[in-house]
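Chain A is the first sequence line, chain B the second, and so forth, proteins listed ahead of strands; every chain is numbered from 1. Given the structure is predicted, the values throughout are model-derived calculations rather than measurements.
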Amino acid sequence: MGAYFSEIFRGLQSLAIGMGITFREFFKPVVTVSYPMETLKMSARYRGHIELVEDEKGQPKCVACGMCQRACPSGCISLASESVEYEVEEKGETKTKKKKVLTKYNLNFTTCSLCGQCVENCSFGAIDFSKEYNLASSRKEDFHFDLLQRLKERNS
Amino acid sequence: MIKDTIKKALQELFPVPEPVVAETPPTEAAEGEETKAKKTVKEGPRVNGVIERDYNACGYHLDAQVDPGELLAAVLILDKAGFFIESITGVDWIKEDQLEVIYDFSRYDFDLCRVVIRTRTPRTAPKVPTISKIFSGANWHERETHDFFGIKFEGHPHLIPLLLPEDADFHPLLKDFKP
Amino acid sequence: MSAPIHIQPGETFTLNVGPQHPATHGVLRVKLEMDGEYIVHAETVLGYIHRMHELMGENRTYPQVLPNLSRLDYLGALGYTHGHVLAVERASGIEVPERAEYIRAITVEMNRIASHLFWFGAFVMDLGGFTPLMYAIQDREYILDILERVTGSRLTYCYYRFGGLYNDIDDEFIPATKAFIPRMRESLKKYDALVTGNIILQKRLKDIGPLSKELCRKYGATGPVARGSGIDFDVRKNEPYSVYPEFDFDIPVYHECDSFARYKVRMDEMEQSLRIIEQGLEKLPDGPIMPAKKPKLIKPPAGDYYQAVETARGSFGIRIVSDGGKNAYRFKLRSPTYSNMHLFDEACEGMLIMDALALMGSLDLVIPEIDR
Amino acid sequence: MSLTVLNAIIAVVIAIGFAALNAAYLVWAERRGAGRIQRRPGPNVNGPLGLLQPLADGAKLMTKQLMIPGGADKALFMVAPVLAMAPAIMSFVTIPFSDVIVAKSMDVGVLMIFAFASLGSMSILFAGWSSRNKYGVMASVRAVSQAISYEVPMLITVITIVMMTGSMNLHDLAVSQAGGFWHWNIIPSLASPLMPVSFLIFFICSLAETNRAPFDLGEAESELVAGFHTEYGSMGFGLFFMGEYANIVIGASLITILFLGGWGCPFGLFPSVFWFLLKIYLLIATFIWIRWTFPRTTIYGLLNLSWKILIPISLFNLLLTAGLLKVF
């Protein structure tokens, strides 16, 4: 009999403690962020999709070596390049040299797993993570990024 | 040490234990009679027997290879010694035209001893007895191995695809699998 | 609570719990044969989110598989990637600098707390209490913020590399983590008062869903499920890896075998993880985070390698069978919930459906990790 | 048309309006309250403080298609939601909000409310059964066993009070407690020393009767998906929802009249409808507060609580009060 009543009493007591906690929480400030109205700043190391890095002249640093393409586990990077001749002054004389110039750098973000292998494998520091996270669309094509185009838009 | 007891017990499975001149470490401790002829073939499959492995390099202590026929006896030894089943998986050795089934066992106590039991079966008609009667937990592991490799576990109560679709007739982890 | 069942043939009905059901936390389906509210027979149907990670592991180079591991278990992803890097390091004999190992241990434990917190919330939500989930998520967000600043992602981390880490911790990591520890202890007290002590919860969990020691062994259950059944087994202690031998921590074990024991194990584990983090921050050595000498291409010598780690859900094992190439010849993932879930079929027979679902919640299921 | 009929119609229209308004804004209050307990704002986009949210919800529910699952018993399926809402509205008719505001004062008001409350559990049975859903059937069986086992202690408690007052008229019950809070039934007196316990029992039973957490086994969303209204969409679901909240208002009103002095001011001054509304909304706030604090009980835990704890204690209280009333 004693155990019967003591269990009821302890039960009610535990319920009262629980209600006390939610009562206190009720008066504490709200912790959420009203997302579309307020946004958070992403941390410095946040990994968004990749973005081409430009040099001082506003051109992509990329030399089109294709390391990122090879390192990518999901094959979401495709790039193309062409050779262009250019002239350099060397020891007083002009020489023509060839170099690869990036003509296309497409990222298929639908399959990207944001592992960072491409950025890690780039020996030239030519790609970096963007801080963009407001990416939502019902169309697949919206996630096929032309990174060269985006670089131009950023500069203009 | 549980390791030595288990090793001894497993070695007794091989009727004529013959000390073999060890090649390099891993030292071979025993071998089955019928595979004696094969051991000279370096490329060929491993001979049956118990090998004590370097834990730091491999991650397990005892590595026993048995014939499918001896499998139940070997697993019973481990069951009696209080091992629990970690996993069952297969490997497709397509060059040797064999499928290997690997059973992992470990212990709950601090007497650390991981035992790997392997058995090989021909690729054309892969058949291994089920151990789900001894370890109920082998049921799903065997079904999964059946899914991926098409190995038939004889006596299994419910050998239908587990992870693959119910009507799957392909075995994706076989090396000659074309999606 | 179970009752002797006397079933007349044709008097049962089949109830499909899942693949879309609030209690299964994912696309798991359990085919229950019911007699009223009592379960007569259960059959789990898997494979709804099967992605064949093992085949991907054979088709990709070792570094390329790294992001796959965090997709196994989205709640405790770091533990799984830890297992993978340790396995490859064991196979190819790469030495890891001490600082990297310490950071790994700290971040894994943080992730373990985050995972347990989410489990705690989701489990109480299974039992019908919604508010604890929100409190748990608040604390979990704090952990995710810390981890995001270091790793760059919040959920599917790809932070560890063979031989070390992707990048070193930042300046804010240590103060933020130090501030987190007392905050978390405060929260644990709150959870204790709000949930653990609650009479309704205790009535629902005590003596419900018994899993005997022998059942656990036959099915190979590990992690908190085994520890709630009185099995003193934790890979961190039984088979020490990484820098865990350096830490002083306890393995909570409860002998009641019921759902409440499993609940208590996880709640106590959070406290133990806090202790590990505390010690890790104290002992954190200076130094490089990547080894000076590391092969450019990872090609483990031919052989068969196994590595087990203790993740938030139990003993996770990776078997790498190498033929000396840059891809694994066989890449086997031994996931803990796979074995833990398996015993549900046998354990839930004769139980009421609501008790069975409480038992299922106490197993801490993450379906992508079962299906791989 | 005679005047009494017209009166009755007006009363019913006002009752429907009151019930609908309450249902709409109690949902809002519940969501805001739950939000604050969980330290988030709750609905705050539609209108100031999200006050237009109920309108948006209502518009959404009404514009949705009403689906009847194949194999369902169509007639019952359609009747069930109406049956959930109608008795709740009917109960409002006899509830006195103040000394003068009452649609129809009846001598058996208490009985009538309980009679209509039992109809409510019938709607759950119909809904679960007719929708031909296994979860629905299980939920409705649960709800009925729950309703049966909780009406017993509830009625025993009511009998205790009726015995003390000597009337079944809700108006008389409230008037008998006029004066300060020391006259209220919740305060133990010499003749009824266990009244706070009775109050607690009645409170728990009304939680169970209205299918509120922690006794919401009928809808137990983590086990039975949505319980008896799994198959309902559109306004069918809307009616169940409104019925639930209307029942809560009735439960709170009953508690107020039986235990908390009805429309009387705690200090014996200016009794009015204001005090009545204040009391019922404080009680409803407690309902909400409880819902967002506790996990759900099990079906057997719930029956154990009723048959092993509530019924014996309330029976004991009944006998004790009966004896003491003779003495004093």
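In terms of heavy-atom pairs under 4.5 Å with chain C, the best-connected choice from B:Ala138, B:Pro161, B:Pro165, B:Gly90 is B:Gly90. Counting heavy-atom pairs closer than 4.5 Å to chain C, the top-ranked of the candidates B:Ser87, B:Ser106, B:Ser136 is B:Ser136. Among C:Ala221, C:Pro336, C:Ser335, C:Ala91, the residue making the largest number of heavy-atom pairs under 4.5 Å with chain B is C:Ala221. Options C:Asp232, C:Val45, C:Val235, C:Ile49 differ in how many heavy-atom pairs under 4.5 Å they form with chain B, and the most are formed by C:Asp232. The most heavy-atom pairs under 4.5 Å with chain C, out of B:Asp104, B:Val91, B:Ile102, come from B:Asp104. Between chain B and the residues C:Met52, C:Gln307, C:Glu346, the most heavy-atom pairs under 4.5 angstrom are made by C:Met52. Taking chain B as the reference chain and counting heavy-atom pairs below 4.5 Å, the highest number among C:Leu215, C:Thr44, C:Leu343, C:Thr222 is found for C:Thr44.
Contact record, B:Glu142 with B:Pro129: OE2-O, 4.4 Å, taken as the closest heavy-atom pair.
Residue B:Asp147: no heavy atom, backbone or side chain, is found under 4.5 Å from chain C. Using a 4.5 Å cut-off between heavy atoms, B:Arg114 contacts chain C through its side chain alone, with no backbone atom that close. With a threshold of 4.5 angstrom between heavy atoms, C:Tyr329 approaches chain B through its backbone and through its side chain. In this structure, the portion of C:Glu43 lying under 4.5 Å from any heavy atom of chain B is its side chain and not its backbone. For a residue to count as touching a neighbouring chain, one of its non-hydrogen atoms must lie under 4.5 Å from one of that chain's; by this rule B:Phe105 does not touch chain C. With a 4.5 Å cut-off on non-hydrogen atoms, C:Glu239 touches chain B through its backbone and its side chain both. The part of C:Asp345 that comes within reach of chain B is its side chain, from C-beta onward, which places non-hydrogen atoms under 4.5 angstrom from that chain. Contact annotation for B:Leu174: neither backbone nor side-chain heavy atoms come within less than 4.5 Å of a heavy atom of chain C. For B:His158, the part sitting under 4.5 Å from any heavy atom of chain C is the side chain, from C-beta outward, and nothing else.
Checked against the 6.0 Å centroid threshold, B:Phe177 and B:His171 do not count as a close aromatic pair. Here the two rings, on C:His84 and C:Phe162, have centers that are under 6.0 Å apart.
The aromatic rings of C:His342 and B:Trp140 lie parallel to each other, with less than 30° between the two planes, well short of the 60° mark. Taking the six-membered ring where the residue is Trp, C:Phe233 and B:Tyr108 present perpendicular rings, their angle passing 60° and hence far from 30°. Note on ring orientation: taking the six-membered ring where Trp is involved, the planes of C:Phe247 and C:Tyr244 are perpendicular (angle over 60°, cut-offs 30° and 60°).
Counting heavy atoms of neighbouring residues, nucleotides and ligands inside a 6.0 Å radius, atom NZ of B:Lys133 exceeds 12 of them.
A search for salt bridge (charged side-chain N to carboxylate O under 4.0 Å, His left out) contacts involving C:Arg330 returns C:Glu54, C:Glu58, not counting sequence neighbours.
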Inset, instruction - Start with the C-alpha gap between C:Tyr338 and B:His141, add the side-chain angles, then the distance that decides, and say whether ring-ring contact (aromatic ring centres under 6.0 Å, His included) holds. - result: CA-CA 9 Å; C:Tyr338 188 77; B:His141 291 294; 5.1 Å; yes
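Exactly one of C:Lys237, C:Arg236, C:Arg227 qualifies for a salt bridge (charged side-chain N to carboxylate O under 4.0 Å, His left out) with C:Glu310. That residue is C:Arg227.
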